[in-house]
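Data block below; observations after.
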Amino acid sequence: MTTTSIANVNGISLQVVQNEREQLVAVKPVCEILGVAYPPQFTKLKEHPIYGSVVTLSITTGADGKEYEMACLPLRYFPSWLFSINPNNVKEEIRENLLEYQKKCNDILYDYFFSRVDFSRKKEVAVTKAKEVCDEKLEQLRTAK
């Protein structure tokens with residue numbers, strides 16, 4: 001298992017642990033960066049039907065170079081966990097960045113789920129209109145004979 005620092009925020013290293021299957025993010029350093037209490041966040045993760053099934057304890061290397069066992073989330077679940085944190089509960093100097101991140105998440109989710117619907121509707125209207133034009137031209141062709 002290897003621990004890699006992917007960012008340093010306010011003097012706190014954000015760690016990613018690579019195990020044999022996936023990348024994991026240590027939860028406690030993220031809580032320290034955000035200024036939220038770790039124990040309630042860990043409880044929230046364990047009790048959540050999705051996160052509870054994927055949160056795991058892994059050995060990570062701390063900023064002091066020592067190894068610690070920490071609760072970790074798979075990297076693919078990390079963005080949605082951040083999305084679930086109430087901005088009113090984080091450090092004031094972090095709040096705007098978290099809000100901006102959450103707004104971007106909303107935009108991405110909207111685009112993913114609803115742009116396809118809009119595209120499908122537009123395509124359906126265009127196909128229907130094209131079919132009507134073809135049917136009209138066919139009818140004109142028949143009556144011209």
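Residues take their numbers from the sequence shown, with the count starting at 1. Just so it is clear, the values below take in all heavy atoms, side chains as well, and ignore hydrogens, waters and symmetry mates.
Proximity of a side-chain donor or acceptor of Gln23 to a complementary backbone N or O of Arg76 within less than 3.5 Å is not detected. Panel note: side chain Gln102, backbone Ile85; a donor-acceptor pair is recorded below 3.5 Å.
Minimum interatomic distance between Ser115 and Asp111 (heavy atoms only, all atoms of both residues): CB-O, 2.9 Å. Summarising the geometry of Thr60 relative to Cys72, their closest heavy-atom pair is CG2-SG, 4.0 Å, with the distance given to 0.1 Å. Of all non-hydrogen atoms in Val36 and Asn89, the two that sit nearest each other are CG1-O, 3.2 Å. Listed here is the closest heavy atom pair of Arg95 and Pro87: NE-O, 2.9 Å. Between Leu82 and Leu98, the shortest heavy-atom contact is O-CD1, 3.8 Å. Closest approach of Glu32 and Lys91 over heavy atoms only: O-NZ, 3.3 Å.
In this structure, CG on Leu34 lies 11.5 Å from CG on Asn86, to the nearest 0.5 angstrom. Within the model, atoms CG of Leu24 and CD1 of Ile59 stand 12.0 Å from one another, a figure rounded to the nearest 0.5 Å. Rounding to the nearest 0.5 Å places OG of Ser58 at 11.0 Å from CE of Met70.
Between His48 and Ser84 there is no side-chain heavy-atom pair separated by less than 4.5 Å. In this structure, the side chains of Val27 and Trp81 come closer than 4.5 Å at one or more pairs of heavy atoms. Between Val25 and Tyr77 the shortest side-chain heavy-atom distance does not fall below 4.5 Å. Side-chain atoms of Cys31 and Phe42, non-hydrogen and from C-beta on, never get closer than 4.5 Å to each other.
Around atom CD1 of Ile50, no more than 12 heavy atoms belonging to other residues, nucleotides or ligands sit under 6.0 Å away.
Residues Tyr110 and Phe113 fall within the same hydrophobic cluster, defined by Ile, Leu, Val, Met, Phe, Trp and Tyr side chains chained together at heavy-atom separations under 4.5 Å.
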